[in-house]
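Right, one structure below, let's go through it.
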Number of protein chains: 2
Amino acid sequence: MNAQAHGYTGLNIRGLAGEVGIKAASIYYHFPSKAELGAAVARRYWEETARDLEMIREAAGDALSSLGRYPEIFRRSLEAGNRLCMGSFMSAEYDDLPEAVKVEVQTFSDVNIDWLAKQLLEANITATQDSKLRAGAIFSAIAGAQLMARSRNDIKLFDELIEGYKLAGLLPSTQNSMSE
Amino acid sequence: MNAQAHGYTGLNIRGLAGEVGIKAASIYYHFPSKAELGAAVARRYWEETARDLEMIREAAGDALSSLGRYPEIFRRSLEAGNRLCMGSFMSAEYDDLPEAVKVEVQTFSDVNIDWLAKQLLEANITATQDSKLRAGAIFSAIAGAQLMARSRNDIKLFDELIEGYKLAGLLPSTQNSMSE
DNA sequence: ACCTGAACACCGTTCAAGT
DNA sequence: ACCTGAACACCGTTCAAGT
């Protein structure tokens, strides 16, 4: 939670220990290092996202409307205290991350891209060989939109950028409401 | 330079002092705080980018091929030690940035988006009222691509994502070479 | 099995003092 | 005008010691 709001460097062992009600040194009984603690946080984050993606797919029914709801995942992160998704968040300080954390961060984008590629294929938007490329493009574009919306502290900007992606043809234009 | 590679938190006063050949305390004769130092670095970065954009425009001749060369700016950052552009880089730790630094980071994206909007309009790709939206979409998408390519340590991935944006219609498909 | 105090080398920052 | 040493409160980490 701390890591999601402030990144890996922002993850504070002494502060976290205080929240939990133990001393900083005691953290090292549960985790061998800050690196492993960070990896555990990141792991939990992408696992949660994987569950969210499954839920979206089930709730939406078909692949096309699943794709339409995909940006919600990143939007929710912004809503919850204007946070970044762990993936793009930590990528910024990627060079300085311990290996164990890097692995989890990469898994996060893998989970997202695999899911997107599957929906794109099922919705007949891309051919088999193009699905991965298009999925990556969508993921990176939305991560970028989230990054920017956060820096402007402006969720409406996120919605506008997503709209811009739809108009340009990067995202499929799904009719979410009946009225249009 | 340090800040571009490791972000604001990575900017190390004691280390920087060592590189310059003075003591850490002496830094405070030249800059009142790390915040102002960071702001100065960020300012210099967007000023340099503004010059690069002018150069691209002049070298390319017309607006359409200027747009085609725009991703080069972000690509060069990756080439130079797999770095991130200051804009997306610092956005990740945005919450924790001092005000003075935030201002410069926002100016960076303003400079980019204004330039893009101008080219889009001149190239007749967007109408006046849509130019800003499309410019923002392009900027955030490319920043996202850079972010991801960096996290994979893979410049080829950046090129692929840009290609994906072109195929999807977000970026104009410019013919850079004669042979195709 | 779980926690602690004390110490280590780091960090940004201040300030009185040196040239 | 520019630099310094010494101190401050922070940080992650280690380790011997406590229950």
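Note on naming: letters A, B, ... go to the chains in the order of the sequence lines (proteins, then strands), and numbering restarts at 1 for each one.
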Donor-acceptor contact present, side-chain A/Y8 to main-chain A/A35, <3.5 Å: yes

With sugar-phosphate taken as primed atoms, P, OP1 and OP2 and all else as base, the protein-contact string of nucleotides 6-19 of chain C at under 4.0 Å (heavy atoms; B, S, -) is -B---BBBBB----

Query raised in the report: Between B/W115 and B/L53, is there a donor-acceptor pair closer than 3.5 Å when you use the side chain of the first and the backbone of the second?
Result: yes

Any side-chain heavy atom of A/S109 sitting closer than 4.5 Å to one from B/R152? yes

**N/O (side chain, A/S26) to phosphate O (OP1/OP2, C/dT4) under 4.0 Å** = yes

Original post:
Do B/F158 and B/F74 have ring centres separated by under 6.0 Å?
Top reply: no

note: A/K23, atom NZ; C/dG5, atom C1'; distance rounded to Å ~ 10 Å

Side chains of B/M55 and B/E58 in contact at under 4.5 Å (non-hydrogen atoms) = no

In whole angstroms, the gap separating P of D/dC3 from OH of B/Y29 amounts to 8 Å

In whole angstroms, the gap separating P of D/dC2 from NE2 of B/H30 amounts to 7 Å

Worksheet item: Any side-chain heavy atom of A/S151 sitting closer than 4.5 Å to one from B/F108?
Response: no

Output row for DNA chain C, stems defined as at least 3 consecutive Watson-Crick or G-U pairs under 3.5 Å, is C:4-8 with D:12-16, C:12-16 with D:4-8

Please determine whether side chain to side chain contact (heavy atoms under 4.5 Å, CB included) holds for the pair B/K102 and B/E99, giving the CA-CA distance in whole Å, both sets of side-chain angles, and the decisive distance to 0.1 Å.
CA-CA 5 Å; B/K102 286 187 184 180; B/E99 259 309 303; 3.6 Å; yes

Given the options A/L167, A/I142, A/L170, A/I162 meets side-chain contact (heavy atoms from CB on, under 4.5 Å) only with A/I142

